[in-house]
Asks: 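Provided herewith is a single structure, encoded as structure tokens, for subsequent inquiry.
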Amino acid sequence: MSFTLRSVKVPPNSVNLEEARHRVFDFFRSACRSLPTVMEIYNLHDVATISQLRSAIATQFRKNSSVTNPKVIDMLLFKGMEELNNVVEHAKQRHHIIGQYVVGRQGLVQDLDTKDQGISNFLKNFYNSNYF
Amino acid sequence: MGLGLLASKAMRPASRIFNSQNPRNFLFRTIVSKPELQKPETSAAQAQPDPPPVDLPPRTPVAGARVHFPNPDDAIEVFVDGYPVKIPKGMTVLQACEVAGVDIPRFCYHSRLSIAGNCRMCLVEVEKSPKPVASCAMPALPGMKIKTDTPVAKKAREGVMEFLLMNHPLDCPICDQGGECDLQDQSMAFGSDRGRFTEMKRSVVDKNLGPLVKTVMTRCIQCTRCVRFATEVAGVQDLGMLGRGSGEEIGTYVEKLMTSELSGNVIDICPVGALTSKPFAFKARNWELKGTESIDVTDAVGSNIRIDSRGPEVMRIVPRLNEDINEEWISDKTRFCYDGLKRQRLNDPMIRGADGRFKVVSWRDALAVVAEVAHQVKPEEIVGVAGKLSDAESMMALKDFLNRMGSNNIWCEGTGMNPNADLRSGYLMNTSIAGLEKADVFLLVGTQPRVEAAMVNARIRKTVRANQAKVGYIGPETDLNYDHQHLGTGPQTLLEIAERRHPFYSTLANAKHPVIIVGAGLFEREDKDTIFSTVETIAENAKVVRPDWNGLNVLLLNAAQAAALDLGLVPESGNSIESAKFVYLMGADDVNLDKIPGDAFVVYQGHHGDRSVYRANVIFPAAAFSEKEGIYENTEGYAQQTFPAVPTVGDARDDWKIIRALSEVAGIKLPYDSLGAIRARIRTVAPNLVHLDEREPATFTASLKPASSQKITLTPFENVVENFYMTDSITRASKIMAQCSALLTKK
Ligand code: SF4
Ligand code: FES
């Protein structure tokens, strides 16, 4: 197997926050650079645009923006690289990408309605699931 | 030494704090109390004249066993491993050991069955007796010195284990009892570490006991628990011991199925894997199951159960101990209905289209449609029916919802059109289920407890066996599994008893604790009020209701009934369903669908695609009892709650949440959005329902009721439960129950 991004071997630990931060940006860039290929492999042209995917990636990064421990950042980076590798390697299938990055956490049933204004929290939760 | 102990006691709080830093404290204390524990004989000998209880650490009785002294003079004292215990006269050595906190290994002894004394596992040494004695069969005598831990006792157990294992197959890896097997556990604890047996093991032909109990008879250790259970508790003479010596076998005498509604309990009492559950065979291992303590809803008894689940699937249901309700048994319907929870489930909201087919829609659309229709009809034309399995929360919500819509036509299935919900004593089992054990005469009016409430029937049977209680029965021909007099089939006999013309009247009047049980099936009769007042006349004449004894009972049929009547689910007019335009069926599958007018809009909220679904216009999927938290009140007024064992199916929601959501969409928001809030609302209506795990007896006893002017009709009473195995939507969906009704109900 030839990995295009052969970076999935454990890199040396970042010495300080500065270095970790640098790596994160590097990784974000490489992820963005691989997007055109991803669009091609998974045939995503009719469901998403590059900029949408880019912001989906950015959201994933922002979710962890509060992490300041370089060790944790390294670990997250490693997981991110693994994920990116799987995507670029075509180790996933189209619905994985769509499910995780295009439709996102909202789920496929976007049961949103303009009528939803003014309904109670109970009803909003009720429409979502039985468990609240 | 006493000083040392005192000192260590004084130090205890400190040692708890410094536990980690100063472990020596801790050690020191243990050493101080050790010699007494290790040499029970010597310490007991020293302690003889005046045993100082301080010296021995207090022991807690096994499983929290309580000693009840019927007569304080009868207390005797025995010594178990040198520890003195006071027990009532007549207890066995084994029970005395239990009170002293020593668990004696046993196979054949079971506290609710007669004593057989044939496994010999419970051998202990008793001072001055030449041989070890079987403690389960030996009555304790005053001053007896019992030793449970001596080399003799240990050796005896080891020997018994070796004999038992001689003919026991080595198939634990494929045995369903594996992991909860008494033989496994006890051979680990008391058995020898090697066997000396080299011959062939014997094998026994398996017996066919029907669709519920699987037998692997080679595994049987001939403890005869199952035989005693069948004859004593279940009251069927189906099982027996055939052959003697090494040819001994358990079986039905002739090729025959075991026809008892309690047959599943032999699975629990069999100490090995000889009798196991057929539907559960090879499905799961008991250590991978999650147990949820819950309540059964298939009848009005509210048996305590444990739902064992793996992931989202209910794997089996087993009983939980509750002395007041089901002791430790459950009926077969309770135990085996669970496969119905996986079939025929409704999992999405649906609307019936113009072509008569159901279309899956979102909750938003379904609620909107229903809310709109509900507003288009006149308030009097709105009708709500709560089903047999409804919990108190959802019935409260449904009642509040309909009341806010302006309608008061709401009732619960099976309570009839004109229930007497004002006095709790008029619809509860006032004697309480455990209280039935005191009775000496029973009069069953239009009820067949064996099929309506199997656990109540087991109590009656227990009483009949223990007190030789007499049972008189009025109703259609039936098969009760105890001696009874069939007095008649209809109200005619009742009138005769009321007029003191019938011979049974004197039996009833002379009884110390007479009990009358009236079936809830009579609620549906036209002349219900007259029948009830006739029964009350009998009760009055025969002094069935006295300040110290209330023997007038109603035996309800469904889990929801008692709570429904407590909450006041009483219809305003008797025939509202014939003129209804909007019918809300909350799990109600036994309403007469032909009565609903053709142009009515029917909403069905429930968990199974059962009878009413065929008539429904909209379906709301709801959670079944294994998936929700809900309060149920049993027939004696004991409020208990279920707990969710598994997640809901598909897009289903809890019942009360659906109604709460619908109310908001309809613009009449109900003021509760949490379980706590709705229970607070219930508290204002029927506070007894939120006092969980407590029996709230009816305070008032009737006799204030005006005499009814209805004509009594002489039509005989009818069978209320046609088929014990299929009474509600869950059991009707169950394949096992279908097999049972095909094979076991007598044609
Ligand atoms: S089948 Fe089970 S309960 Fe019955 S005698 Fe054998 S071991 Fe005992
Ligand atoms: S338990 Fe005592 S002989 Fe079986």
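Since this is a predicted model, take the numbers as computed values, not measurements. The figures that follow rest on heavy atoms only: side chains count, while hydrogens, waters and symmetry mates do not.
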Asks: Check whether any side-chain N or O of B:Glu664 sits under 3.5 Å from a backbone N or O of A:Ile119 as a donor-acceptor pair, and report yes or no.
Replies: no
Asks: Counting only non-hydrogen atoms closer than 4.5 Å, does B:Ile658 touch chain A with its backbone (N, CA, C, O), its side chain (CB onward), both, or neither?
Replies: both
Asks: With a cut-off of 6.0 Å (strictly less than), are more than 12 heavy atoms of other residues, nucleotides or ligands near CZ of B:Arg343?
Replies: yes
Asks: Looking at A:Glu40, I want to see if its CD is surrounded by more than 12 non-hydrogen atoms of other residues, nucleotides or ligands under 6.0 Å.
Replies: no
Asks: Taking the inter-plane angle between the rings of A:Phe122 and B:Trp656 on a 0 to 90° scale, is it parallel (under 30°), tilted (30 to 60°) or perpendicular (over 60°)?
Replies: tilted
Asks: Using heavy-atom distances under 4.5 Å, tell me whether B:Lys628 contacts chain A through its side chain, its backbone, both, or neither.
Replies: neither
Asks: Return the CG to CG distance between B:Asp673 and A:Asn125, rounded to the nearest 0.5 Å.
Replies: 9.0 Å
Asks: Tell me the closest heavy-atom pair linking B:Thr648 and A:Tyr131, and the distance in Å.
Replies: N-OH, 2.9 Å
Asks: Would you name the heavy atoms of B:Ala661 and A:Leu123 that are closest together and state the gap between them?
Replies: CB-CD1, 3.3 Å
Asks: Could you check whether atom NE2 of A:His96 has more than 12 heavy atoms from other residues, nucleotides or ligands sitting under 6.0 Å from it?
Replies: yes
Asks: Under 4.5 Å heavy-atom distance to chain A, tell me which part of B:Pro644 shows up: side chain, backbone, both or neither.
Replies: neither
Asks: Hey, does B:Leu367 have a side-chain heavy atom less than 4.5 Å from the side chain of A:Tyr127?
Replies: yes
Asks: With a 4.5 Å heavy-atom cut-off, do A:Phe126 and B:Arg660 have their side chains touching?
Replies: no
Asks: How many angstroms lie between CH2 in B:Trp363 and CG in A:Asn128, if you round to the nearest 0.5 Å?
Replies: 13.5 Å
